[in-house]
J.: 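Handing you a structure now.
Reckoned from all heavy atoms, side chains included, excluding hydrogens, waters and symmetry mates. Per chain, numbering begins at 1; letters A, B, ... match sequence-line order.
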Amino acid sequence: MPTDNMPHELPKAYEPGAIESRWAEYWKHEKLFHASTPPDGHARNMFSLLLPPPNVTGRLHMGHMLNQTEMDIIVRWHRMRGDLTLWLPGTDHAGIATQMMVERQLRTEGKSRRDLGREAFIERVWCWRKQYGGAILDQMKRLGASVDWEREYFTMDENLSRAVREVFVRLHEQGLIYRGKYIVNWCPDCGTAISDLEVKHEEVAGKLYEIRYPVVGSKEFITVVTTRPETMLGDTAIAVNAKDERYTHLHGKMVMLPLMNREIPIILDELANPEFGTGAVKVTPAHDPNDFQAGLRHNLPQIDVMDERAQMNQNAGPYAGLDRFDARKRVLADLEAQGFLVAIKDYTISLGKCDRSGTVVEPRLSEQWFVKIEPLAKRAIEVVEKGYIRFTPENYKTIYLNWMYNIHDWCISRQLWWGHRIPAWRCGDCGEVMVARATPTKCTKCGGAKLEQDTDVLDTWFSSALLPFTTLGWPEATRDLDVFYPTSLLITGFDILFFWVARMIMMGCWFMMPPEKPKSPGEKTASHEEALRNSVPFREVYIHALVRDAERQKMSKTKGNVLDPIEVIEQYGTDATRFTLAAMAAPGTDIAFNPSRTEGYRNFANKIWNAARFMFMNVDRIGEVVARASSPAEAGSQGVAGFKAETLEDRWILSRFNGVAAYVNEALEEFRFHEAANRIYDFFWGEFCDWYIELIKPRLMFEEGADTGAAQVACGNLVALFEASLRLLHPVMPFITEEIWHAIYDGKPPLKSIALAAFPESNPKQIDLQSETQMAVLQDLIVSVRNLRAEMKVEPKVKAPIQIYALEPEIRSLIEQNRGAILSDRQANVESITFVEASLAKLAGARHTARFDVHLMYEQKIDVAAECVRLKKDLEKLERDVANAERQLGNQSFLAKAPASVVEGLRRQKRENQGLIEKTKSKMRELGCN
RNA sequence: GGGCGGUUAGCUCAGCUGGUUAGAGCGCCUGCCUUACAAGCAGGAGGUCGCAGGUUCGAGUCCUGCACUGCCCACCA
């Protein structure tokens, strides 16, 4: 590999691919992120968090990448700050998703899961998992996620499964799990019940059908309205409102159900709203949740007319065997033919679809297991209301609470094969249902031995809800649980706020809350609060938004706008992709992911790379002794160690670095990733590279006759500052920082990884505001001259003298002391500097600022017209500003109420602007502007 | 029907607790192959902060209304 005489083997161009895979492998192989539990008391601060387990079937998408980037930044930051840090990874067995995936595979072989049978099918799923289940974690590795791979889990692991059974049994013992026949959301495609949350409602244009039912023993009809005429085959009543006078005369009558020729009663029920439709409604207890409740109130029979595939069954008489949608057409045609269909109107209906399959969900009467949620919710509300769990952004607290206040019982049984099987057994002799931790051998009631386990499995989210404690060893009282629970933080997307976050809170606060010991009342309260506070699954939740495409569209396969993070990574590198996400991750706002942005951050990485090459070039030339003189990583985290601030730019950059470190720490504290990332970017590129490196070049013996000692100091400073900057950057860009950091130590670093070095904290002693002010003046001067050169079209190679007028002696001496830098062709590129005693502001080719006037002495006819336009624009703005300032300063209450610094600042600014106005005017006169 | 957001430069977005001249990236214009980097350097153009009121000495920032727009929740046939 041509190294171009470059030391430390850094190739000329930044190539992320090679370095990233190497370090990802190294980190995992060296087990750098393994958090071993300390044997006794917590000597260090602890920081723990759980990776939201991706589905084993999953492929990494931008949402994952955002989530993991944010977690990794926080985790690396904590680890570098010396916390005992645990980031726990794992995958979720994802019941329906995985089962569907394997069934699809079977279908290609012309088989169904029923052909295999339950046991063989499950065996097959395990095979599938073994073969493909690691893909998503492999992808995670490429992101650089600093998880504890030694603790990786799978939700179907034996220990986790045992914990799930334990929870189920305990809840059942506590009367919080019950079984019963209710209307549930049924997906005919998946063949299972699903929870309310798994139903997505969609507004669609539908129809409202008016159907008349003949009243028995009269010539009258009663007309009902429905959106689902096919369910009338299961009608068992018609309801009217008792207060609805239109129907008073029909109270107690029967109607004949058309098509089925069955007599059903007219009942009085609140279900019927006199305001809606005809005020009369058909009641189908087996196919509608409201009708189901009404049916219970009136003791109505429940006639289920569909099977589990949503095809009409024998109860549907002549319609048996038809699909529900075909049945609708047939029913309508028949009603029409027989004169029962009164009208069809357009109507917008909210159609529930299965989240997973997209099939229209059927409300179906079936026997299911439920969690009685209210007691759990009560506690989950309490801990959030009391602030024991903090939400960021805060508005999610409201959203969470609103949901929790209106929560319904949770249907947890699924008619699937893949998942945690419900630990309930039914006695074949007496029908008794037993819930037990271990397979019972005989019936607890009749002693019979013909026991069959419930065929259902649990909702995947049931086991996920337990992860914060089960992954730490619960129900055993483990050391891990003691140390790492409650976890410190959860970072996740709002899409699983209810599915997962809310349920973890409910389960955590329920199972990690020790039983109350009866004690004296006062003591009890205090310890109760303490226990409650420590029962939460996490102390903080950070909710991030959605990653959209560059046009703000939701990424979806059908739209074809899905950005594959791996592709972006391959193009620009992981570091640049991470940086993009971090820089755009303002709390509470969606991220419009634009790869052009990533290209920009790849360029930033390249900038870092080349700055490193520059540094090494000097280290090798000036002597490695200097570079190694201090061992910054060992010197602690306060400021920059081993830095000798001798010049203005030294004092300035040191001060800026410490300011940035303070800012970054504060920003990360509040999950303001974008502020942290942008601040580092601006510092490294805009200050460190653009100004500092350029300013020290003369000292680094670039110039003839430079002083060797000064060069060594400058080089040492460069290394020290660079090393500290790498640590600051590392949480966001782990790979490139690791690469350069090792190169700094020539492959023999004091620690195995920069990830184990200290994160920079601000050192107040290294903050030097005076140098920052001085540097600002110097920069202002240099930029002014560059400005003038551009305006006057001075040839790049031509130098001209400048005159400077400055009243304040300290400004003059500042300029005097930095004369060399100003003269340099890297900076102002001027021939000479002369101080004059009179204002220069009104001269053409001059600039006036608060601290100085500068005049570029260059004879070139300037573009008068263009200059006039520019001056006029300046003038207008100045006059506006002065007018504003005058208005404010004339205002007594402003003078009385505004802080003195604001008033003083405004006065000064006004004075300066007035001066400028005069000068601008005279300049305009001089040029002959009108 | 409830609830939560968004509207700032041509595009995509920042702007924390109200304070002196509203920022960035990309794009655009001008000039530079200056030996770390053309994935770069220097300079520049571009904004009545959705509209209308209000609070305040002072509003992009707080309040009210409106318009447009997105999302979540909800068993109204």
J.: For nucleotides rC51(B) and rU7(B), find the distance between their C1' atoms and express it as a whole number of Å.
T.: 11 Å
J.: Ala280(A) or Val199(A): which one's nearest nucleotide on RNA chain B is closer to the 5' end?
T.: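 Nearest nucleotide further toward 5': that of Val199(A).
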J.: Just call it for Ala272(A): base, sugar-phosphate, or nothing, with non-hydrogen atoms closer than 4.0 Å on any strand.
T.: base
J.: Where the side chain of Met617(A) is defined as all heavy atoms beyond and including C-beta, which of rA36(B), rC37(B), rC4(B) is the nearest nucleotide?
T.: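 That would be rA36(B).
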J.: Salt bridge between Lys697(A) and Glu694(A), side-chain N to carboxylate O under 4.0 Å?
T.: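 Glu694(A) and Lys697(A): salt-bridged.
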J.: Do other residues, nucleotides or ligands put more than 12 heavy atoms under 6.0 Å from Arg786(A) CZ?
T.: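 Result for CZ/Arg786(A): enclosed.
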J.: Could you check how far CE of Met792(A) sits from P of rG43(B), rounded to whole Å?
T.: 17 Å
J.: Between rG5(B), rC37(B), rG40(B), spot the one nearest the side chain of Trp685(A), thanks.
T.: rG40(B)
J.: Using a cut-off of 4.0 Å on non-hydrogen atoms, how would the nucleic acid contact of Tyr14(A) be classed: base, sugar-phosphate, or nothing?
T.: base
J.: For His201(A), what residues pass the side-chain hydrogen bond (donor to acceptor under 3.5 Å, both in side chains) criterion, not counting sequence neighbours?
T.: Ser350(A)
J.: Taking the P atom of each, how far is rA59(B) from rC66(B), in whole Å?
T.: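 Looking at atom P only, rA59(B) and rC66(B) are 24 Å apart.
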J.: In the structure shown, which nucleotide is the Watson-Crick or G-U wobble counterpart of rU48(B), with both distances under 3.5 Å?
T.: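 Base-paired to nothing in any strand shown.
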J.: Answer with yes or no whether the side chains of Asn241(A) and Tyr247(A) bring together a donor and an acceptor at under 3.5 Å.
T.: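 Per modelled atom types, Tyr247(A) and Asn241(A) side chains form no pair under 3.5 Å.
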J.: Can you see if the side chain of His408(A) gets near the phosphate of rA74(B) - specifically, an N or O under 4.0 Å from OP1 or OP2?
T.: no
J.: Can you tell me how far P of rC32(B) sits from CZ of Arg786(A), to the nearest Å?
T.: 17 Å
J.: Could you check which of rC4(B), rA14(B), rA74(B) has an atom nearest any side-chain atom of Asp196(A)?
T.: rA74(B)
J.: If I pick the P atom on rG25(B) and the same atom on rG6(B), what distance separates them, to the nearest angstrom?
T.: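 Each nucleotide's P atom is 25 Å from the other's.
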J.: Report the nucleotide, chosen from rC37(B), rC33(B), rC75(B), that has the shortest atom-to-atom distance to any side-chain atom of Glu694(A).
T.: rC37(B)
J.: In whole Å, measure the gap between the P atoms of rC11(B) and rC32(B) for me.
T.: 31 Å
J.: Between rG19(B) and rG53(B), how far apart are the C1' atoms? Round to whole Å, please.
T.: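 To the nearest whole Å, 23 Å.
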J.: Who is the Watson-Crick or G-U wobble partner of rG25(B), with both distances under 3.5 Å?
T.: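 Partner of rG25(B): rC11(B).
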J.: Taking atom C1' in both rU69(B) and rC16(B), what distance in whole Å separates the two?
T.: 26 Å
J.: Using purine N1 to pyrimidine N3 plus N6-O4 or O6-N4 for Watson-Crick, or N1-O2 and O6-N3 for G-U wobble, each under 3.5 Å, what pairs with rG31(B)?
T.: rC41(B)
J.: Applying a 4.0 Å non-hydrogen cut-off, can you work out what Tyr209(A) is touching in the nucleic acid: base, sugar-phosphate, or nothing?
T.: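 No contact.
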J.: Give, ordered by number, those residues of residues 227-241 of chain A having at least one heavy-atom distance below 4.0 Å to an atom of RNA chain B; if nothing qualifies, reply none.
T.: Thr227(A)
J.: From the list rA39(B), rC37(B), rG43(B), which nucleotide is the closest neighbour of the side chain of Asn603(A)?
T.: rA39(B)
J.: Send over the distance from Ile740(A) CD1 to rC37(B) C1', rounded to a whole Å.
T.: 12 Å
J.: Got a salt bridge between Glu791(A) and Arg789(A), using NZ or NE/NH1/NH2 to carboxylate O under 4.0 Å?
T.: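 Here Glu791(A) does not pair with Arg789(A) in a salt bridge, since their nearest N and O are not under 4.0 Å apart.
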J.: To the nearest Å, give me how far apart CG (Leu497(A)) and C1' (rG3(B)) are.
T.: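 Taking atom C1' of rG3(B) as the reference, CG of Leu497(A) is at 13 Å.
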J.: Taking only the side-chain heavy atoms of Val783(A) (C-beta and beyond), determine which of rG43(B), rU12(B), rG31(B) contains the nearest atom.
T.: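 Taking heavy atoms from C-beta onward, the closest nucleotide is rG43(B).
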J.: Once rounded to the nearest 0.5 Å, what's the spacing between atom CD1 of Ile740(A) and atom CE of Met615(A)?
T.: 7.0 Å
J.: Quick one: do Arg672(A) and Glu670(A) make a salt bridge, cutoff under 4.0 Å?
T.: yes
J.: Which of these passes ring pair (Phe, Tyr, Trp, His ring centres under 6.0 Å) with Tyr601(A): Tyr572(A), Tyr681(A), Tyr14(A), Phe684(A)?
T.: Tyr681(A)
J.: Out of rC37(B), rG25(B), rC26(B), which has the shortest distance to the side chain of Arg597(A)?
T.: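 The answer is rG25(B), which lies nearest to the side chain.
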J.: Hey, are Asp780(A) and Arg851(A) close enough for a salt bridge, meaning a charged N less than 4.0 Å from a carboxylate O?
T.: no
J.: Rounding to a whole Å, what distance do you find between His544(A):NE2 and rC72(B):P?
T.: 15 Å
J.: Could you state the atom-to-atom distance from NZ of Lys397(A) to P of rG5(B) in whole Å?
T.: 14 Å
J.: Between atom CZ in Phe614(A) and atom P in rC41(B), what is the gap in whole Å?
T.: 14 Å
J.: In whole angstrom, what separates Asn829(A)'s CG from rC32(B)'s C1'?
T.: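 After rounding, the gap between these two atoms is 12 Å.
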J.: What nucleic acid atoms does Asp495(A) come within less than 4.0 Å of, heavy atoms only: base, sugar-phosphate, or nothing?
T.: nothing
J.: If you assign Ser350(A) and Asn395(A) each to the RNA chain B nucleotide with the nearest heavy atom, which residue ends up on the more 5' nucleotide?
T.: Asn395(A)
J.: In terms of side-chain heavy atoms of Arg672(A), which of rC16(B), rA42(B), rC72(B) is nearest?
T.: rC16(B)
J.: Is the centre of the Tyr400(A) ring less than 6.0 Å from the centre of the Phe498(A) ring?
T.: no
J.: Give one of base, sugar-phosphate or nothing for Gln827(A), where a contact means two heavy atoms less than 4.0 Å apart.
T.: nothing
J.: Phe683(A) and Tyr663(A): aromatic ring centres closer than 6.0 Å?
T.: no
J.: Considering only atom C1', compute the distance from rA14(B) to rA52(B) and round it to an integer number of Å.
T.: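 After rounding to an integer number of Å, I get 27 Å for this pair.
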J.: Among rC4(B), rG25(B), rC37(B), which nucleotide has an atom closest to any side-chain atom of Tyr681(A)?
T.: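 Nearest listed nucleotide: rG25(B).
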J.: How far does the C1' atom of rG58(B) sit from the matching atom of rC41(B), given to the nearest Å?
T.: 41 Å
J.: Is there a side-chain contact between Lys200(A) and the phosphate of rC72(B), meaning an N or O under 4.0 Å from OP1 or OP2?
T.: no
J.: Counting the atoms with a prime plus P, OP1 and OP2 as sugar-phosphate, which does Leu271(A) contact under 4.0 Å by heavy atoms, base, sugar-phosphate, or nothing?
T.: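 Here Leu271(A) touches the bases of the nucleic acid.
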J.: Side chain of Asn787(A): nearest nucleotide among rG44(B), rC32(B), rC75(B)?
T.: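 Among the listed nucleotides, the one closest to the side chain of Asn787(A) is rG44(B).
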J.: Pairing check on rG1(B): which nucleotide meets the Watson-Crick or G-U wobble criteria with it, both distances under 3.5 Å?
T.: rC73(B)
